Amino acid sequence: MNPKDKLLPPGQFETEKWPILHEGDVYSFQEAQWNFKLFGEVSKEINLSFQEMMKLPRTITTVDMHCVTTWSKFDTTFEGIALHELLKLVEVEPHAKYVKVYGYLNNNPFGYSANMPLEALLGDDSLFVCRWKDAYHDWQDITPKHGYPLRFIPPASFYLWKGSKWATGIEFMKEDAAGYWEQRGYSMTANPYNEERFSDPNF
Ligand SMILES: Nc1nc2c(c(=O)[nH]1)N[C@H]1C(S)=C(S)[C@@H](COP(=O)(O)O)O[C@H]1N2
Ligand SMILES: [Mo]
């Protein structure tokens, strides 16, 4: 399918570039300190080293990105570790229906977060990415500004703020709980096709 034939969500425009947006400093990767944590409603929390993470099976998926600041980028192909791969490493409690995906904000590894229902993240289009390509770029590592060494890309049914850069872990939760932007008035559900930008529709 030609990208031009795809439907833009309401209020969005298409860009071929991949803009950069985030709060705080670009995280500077140090392998010895790097850690990925699976915690919350699990029978036993685990911490993965960078080596352990990089050995996990990879998934390649093409995903559309929709940013709440109104740009949409179609058809970026990502290589990474699908969230469903990580679920094989922990025993998630059956009542855990939501997750928060965390990432660095300045020097705080859990300073940024975004909440989503777990059920929406079980497909191949929900992954922690380390490489990408598109029609204009060959395979390359995710740059530091886009979230190196590992960055979450959510399914296209969520605005891109749900895609934590410099990802550091997943918290499994019984109840939905607001992440960084959700605490600041952005939508808990964030579906671009329904234009769910803010929690309060009159915002
Ligand atoms: N750790 C972290 N991840 C983040 C952010 C951030 O400030 N910190 N910003 C989010 C927002 S608002 C957007 S739109 C996307 C932008 O991703 P990009 O810069 O790769 O396009 O990253 C998301 N992930
Ligand atoms: Mo954003």
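Counting starts at 1 for both ligands and their atoms, in listed order. Count residues from 1 along the sequence. This is a predicted model, so every value here is computed, not measured.
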Protein heavy atom at shortest distance from atom 23 (C) of ligand 1: Gly163 O, 3.4 Å
field: ILVMFWY cluster, Ile170 and Leu118 together (side-chain gap under 4.5 Å)
entry: yes
Atom 7 (O) of ligand 1: the protein heavy-atom neighbour that sits closest, reported with distance to 0.1 Å: Glu23 N, 2.7 Å
message: Applying a heavy-atom cut-off of 4.0 Å, say which part of Tyr180 lies close to ligand 1: side chain, backbone, both or neither.
response: neither
- request: List the closest protein heavy-atom neighbour of atom 14 (S) of ligand 1: residue, atom name, distance to the nearest 0.1 Å.
  value: Cys67 SG, 3.3 Å
task: Taking atom CD of Glu175 as the centre, report whether more than 12 heavy atoms of other residues, nucleotides or ligands fall under 6.0 Å from it.
output: no
field: ligand 1 versus Trp71: contacting region, heavy-atom distance under 4.0 Å
entry: side chain
query: Which heavy atom of the protein is the closest neighbour of atom 3 (N) of ligand 1, given with residue, atom name and distance?
result: Lys165 N, 2.8 Å
query: What atoms of ligand 1 come closer than 4.0 angstrom to any heavy atom of His22?
result: 5 (C), 6 (C), 7 (O), 9 (N)
query: What is the closest protein heavy atom to atom 21 (O) of ligand 1, and at what distance does it sit?
result: Pro19 O, 2.7 Å
- prompt: Minimum heavy-atom separation for Leu86 to Leu48, with atom names?
  reply: CD2-CD1, 4.0 Å
- request: Please confirm whether His137 and Trp18 have ring centers closer than 6.0 angstrom.
  value: no
task: Quick one: look at Ala114 and ligand 1, take heavy-atom pairs under 4.0 Å, and tell me if it's side chain, backbone, both or neither.
output: neither
- request: Specify whether Trp161 and Tyr159 have parallel, tilted or perpendicular ring planes, treating 30° as the upper limit for parallel and 60° as the lower limit for perpendicular.
  value: parallel
statement: atom 16 (C) of ligand 1 sits nearest the protein heavy atom Leu21 O, 3.4 Å
- line: Among non-hydrogen protein atoms, atom 17 (O) of ligand 1 lies closest to Arg151 NH2, 2.9 Å
query: Which is it for Tyr104 and ligand 1 at heavy atoms under 4.0 Å: side chain, backbone, both or neither?
result: backbone
message: Using the ring centroid of each side chain, check whether Tyr102 and Phe39 are separated by less than 6.0 Å.
response: yes
- prompt: Quick check, are the ring centers of Phe36 and Phe128 under 6.0 angstrom apart?
  reply: yes
- line: Under 4.0 Å between heavy atoms, the region of Tyr112 that gets near ligand 1 turns out to be side chain
query: What protein heavy atom sits nearest atom 12 (S) of ligand 1, and how far away is it?
result: Trp161 CB, 3.5 Å
